[in-house]
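A short write-up of the structure that comes next.
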Amino acid sequence: MTIQQTKSSTRQELEKMTIKQLKSYIEEKGISIPRGEGANLKLKRQIVDFIWDNQGVNSGGATTANTAIDAVAVDDDEFNLAAAMDNNGANENVAVNGNNINGDEANGKTATTETTEESSSAFVPFKAKKNFNRSAGTGMPPLPTETTLASSISNERNNDDSSPKFNLTPKDRIVLDVIKRYPPLHESLLDAALQNNYDLQIEEITKENIEQCNLSGLNYDIPIGIGENDIRHLHHPMVKNVTQSDMDVVFIGTASCTPGMTRGVSCTALRLNWRGGRVLDDRDDNMSSKKKKEQKKKEQEQKQKQQQNKKGNSYVEARGPTTGTWLFDCGESTQLSIQRTPSIKPSKISKIFLTHCHGDHSFGLPGLLCLMGTDRDRSDATPPVEIYGPEGLRMWLRVAVRYSTSRVVPKYRVHELMDVPMAPEWEEGHRRNGRFYYQYKRDREENNGNGSGSGENRKWGMQGLAGADPTSWISRAPMISLEPSKDFGEVVGGRDIYPQYNHPQSTDGAPIWQVEGNDDESNNESDEDNEVSVYAAPMSHGVPCVGYVVQEHTQPGRLKPENVAPIIQRNYKGLVDAGVKNPMKVMAVVKNLPVGGSYTFPDGTVLKQEDVVEPPRKGRKIVICGDTADCRSLEGLAQGADVLVHEATNTFLRGIDKEGNLRSVTRDAKIHGHSTPYMAGEFAKRINAKKLVMNHFSARYKGDQSIDSMTIMSRMENQAVKASGLSEDSVAAAWDFMVLPVARNES
């Protein structure tokens, strides 16, 4: 190799470095900067030219440059890492004892060394300015550099070649994608870049000028706003073009463990915006306000009569209304989060479903009930709030309300899901103290067919934990002598709901709880409390935990009035002569015709049901998983879900995480009963979900609208997209107060 070839190759390596790496390189090589020259070394090209002009051509320089590059060269294809994790999983030696993991220490040391080298060359973070109108953010986290460059970039560059070369790092690519998706964030960064460098003459940040913008270390303003004013609500592909619907999902809290400044803990709301048991038609919007008031009054009177007629049926009375707002989980600070958004009104909450007992899913329940009781009528005509959860919930809530002397709580009733078993991959520790541990190694062997107990040892139990541990709350709660009291809100009628092991949609032998409704998906309009059914199945977690499936029943097709009204007008006199006092009511008769039925008018016109009534519309399905390392028990119930809400507590992001790798992070997530975006995407693919929304993020993932949060969430979404095969407008990492309308199915 000639000297010129060596010199050219070394320059290429210099141009691959970041500004921070170049400055470190100057210090390491002892290159002196003349007085006054340092002010001119702002741009990367200027620094490269200075080093190139001032260093000697020797092998040492080439070696140093290559070493610096190797320290930050990473593989950005995280999905391939997931595949490698699965292929290498059978060779791992992992023993679980409590919370300790004894694995392949050699692999762990190698991964730690590699990521430590990466972290040493971390990017300087963005700095967010504080002002009265916008929130302050932290910095842009370090993101990985490219492992390889395109073949065109790898060609030798001549010294006299002045054509521009844009060697975008993964950091630059992700930032460009994010600011392209969210124009207000782009505007904020552009303004800050122009103020930082008055010589810039640009109108937008592009791949050609992102280096000159010097985004690392840039002060910028973070857009603020919640709900409809959140830039993600306005620009995220999943929600920006979605129209309003009579059913939507509102994410009140999307964090795990403890609430933070940018995320509350677990709480998801399902708003059922139909009234009187009847789905709102688009034609309702064309009603005059007077007619709407008359109809509303009539529906209220009719409902009161029906409630009086149903008082003798304790089961129907216990079910409560199928309208209003349903909450799934109620973590600490839920009442504060609800007061921050206009999307949820406490007085509209009619049902609350808890997935399990952990505090980030239950601590907010007593406080929320107190908030709800401040503006809710406690008369006999007002139905109680229906609360559902694994056994032990009824007595726990009764004790909490009584101990705090909370007489303000509204009327409520608790229905317990009995005998929730632990997943077979969880076993009680050797101390037999009621604490269960995930058997990671054995689970992998059985899943891969390498273990002798594959299949046989993975059967779900037929008994919950009540009685298994005499000191546990589940075992002791029934022994507590504390009766319900109306003075503290609790009313009688709470049901003990037992599982079904022979349910047709049971998967892997897991039980299913029929929480509400029935298995007949056809909707009978005469039964206003039969719009939806709710099912539950056990999750793989460290305590008894369930996931819920809300299935809307098939809705009858809408009448085509334009095909019926002219015929009624033509036969108006004949219908009156035939004894029909109000001929326009014939529309209702025609709409309620059975499939294949017909109606004959006085002039001989025959209307067939299929000619004037649209086909029945398939009901929507919402799946809300609790904390879980495996959702296989829901696979049958969840097939074809319109929306899947799946936890994604943690993941591995190269360039950000300083220790471990994707395999170790996935292992750690499973051992703690949690999931990653890849696991959420894989389950969405198995059930053919239409949309996937991830939640329950670790506290280290902020939920604000800063560039660091947006880029991290974008990377997590990309992981789920690759695993699920869904498009980017069908996958989202949820943020607090995100509202997702669920469109009706056409047929």
Side-chain angles (χ1 to χ4, degrees), residues 11-12 14-22 40-49 72 74 76-77 122-129 134 137 139-155 157 161-223 231-232 234-237 240 655 705-715 717-718 721 728-729:
R11 169 134 190 153
Q12 288 180 1
L14 289 173
E15 288 170 345
K16 295 177 185 177
M17 295 186 188
T18 65
I19 292 177
K20 185 175 181 180
Q21 293 166 358
L22 289 170
N40 297 325
L41 300 180
K42 292 183 177 180
L43 301 181
K44 179 178 176 180
R45 186 177 297 278
Q46 294 171 340
I47 301 175
V48 170
D49 291 340
V72 296
V74 296
D76 195 44
D77 191 353
F123 292 98
V124 178
F126 291 154
K127 297 177 182 178
K129 295 187 295 187
R134 304 190 185 217
M140 174 68 187
L143 294 177
T145 59
E146 292 180 307
T147 304
T148 57
L149 300 175
S151 58
S152 60
I153 296 177
S154 65
N155 293 332
R157 178 182 297 178
D161 183 8
S162 60
S163 60
K165 304 289 184 180
F166 308 114
N167 301 339
L168 291 180
T169 65
K171 170 195 174 182
D172 293 336
R173 290 199 305 268
I174 295 172
V175 169
L176 288 172
D177 288 342
V178 169
I179 62 178
K180 181 180 178 181
R181 174 181 287 184
Y182 301 106
L185 189 57
H186 171 268
E187 180 182 350
S188 178
L189 289 170
L190 179 60
D191 290 344
L194 293 175
Q195 293 177 13
N196 187 58
N197 186 351
Y198 293 106
D199 294 333
L200 277 179
Q201 299 293 329
I202 60 174
E203 295 183 356
E204 63 176 325
I205 301 174
T206 64
K207 64 180 181 180
E208 289 84 3
N209 60 39
I210 189 171
E211 180 183 321
Q212 285 73 26
C213 291
N214 192 25
L215 298 183
S216 296
L218 186 68
N219 292 319
Y220 71 105
D221 293 330
I222 301 177
I231 63 174
R232 291 164 291 194
L234 299 172
H235 301 286
H236 194 283
K240 68 177 182 179
Q705 299 164 69
S706 61
I707 187 67
D708 60 331
S709 175
M710 300 292 229
T711 51
I712 288 175
M713 291 297 104
S714 177
R715 292 181 70 183
E717 289 174 350
N718 289 338
V721 165
E728 67 170 9
D729 61 352

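What you see is a predicted model, and the numbers here were worked out from it, not measured in a lab.
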Salt bridge (Lys or Arg N to Asp or Glu O under 4.0 Å) filter on Glu728, not counting sequence neighbours, yields Arg181
Asn214 vs Asn197 side-chain heavy atoms within contact, under 4.5 Å: no
Enter the distance from Asp177:CG to Lys180:NZ here, rounded to the nearest 0.5 Å. 7.5 Å
Where is the tightest heavy-atom contact between Leu200 and Cys213, given as atom of each residue plus distance? CD1-CA, 4.1 Å
Should Met17 and Ile47 count as side-chain neighbours, where that means a heavy-atom distance under 4.5 Å? no
As a quick check of understanding, evaluate side chain to side chain contact (heavy atoms under 4.5 Å, CB included) for Asn219 and Asn196, giving each step before the final call. CA-CA 8 Å; Asn219 292 319; Asn196 187 58; over 6 Å; no
Decide whether Thr206 and Glu204 meet the rule of one side-chain donor and one side-chain acceptor closer than 3.5 Å. no
Just jot down the side chain to side chain contact (heavy atoms under 4.5 Å, CB included) partners of Val721, sequence neighbours excluded, or say none. Val731
Of all residues at least two apart in sequence or in a different chain, which pass the side chain to side chain contact (heavy atoms under 4.5 Å, CB included) check with Asp729? Pro237, Ser727
What are the two closest non-hydrogen atoms of Leu185 and Pro223, and how far apart are they? CD1-CD, 3.8 Å
To the nearest 0.5 Å, how far apart are CD1 in Ile707 and CD in Gln705? 11.5 Å
Indicate the atoms forming the closest heavy-atom contact of Tyr220 with Leu189, along with that distance. CG-CD2, 3.7 Å
Heavy-atom closest pair (Ile179 atom, Leu176 atom, distance to 0.1 Å) is CG1-O, 3.4 Å
Output all residues satisfying side-chain hydrogen bond (donor to acceptor under 3.5 Å, both in side chains) with Glu211, sequence neighbours left out; order by chain, then residue number. none
Over 60° means perpendicular and under 30° means parallel, so tell me whether Tyr182 and His236 are parallel, tilted or perpendicular. tilted
Mind checking side-chain hydrogen bond (donor to acceptor under 3.5 Å, both in side chains) for Asp191 and listing every partner two or more places apart, or none if nothing turns up? none
Spatial distance of atom CD (Gln212) from atom CD1 (Ile205) [nearest 0.5 Å]: 11.5 Å
Can you name the side-chain hydrogen bond (donor to acceptor under 3.5 Å, both in side chains) partners of His186, sequence neighbours left out? none
CG/Asp221 to CD/Glu187 distance, rounded to the nearest 0.5 angstrom? 10.5 Å
When rounded to the nearest 0.5 Å, the distance separating NE2 of His235 from CZ of Arg232 is 12.0 Å
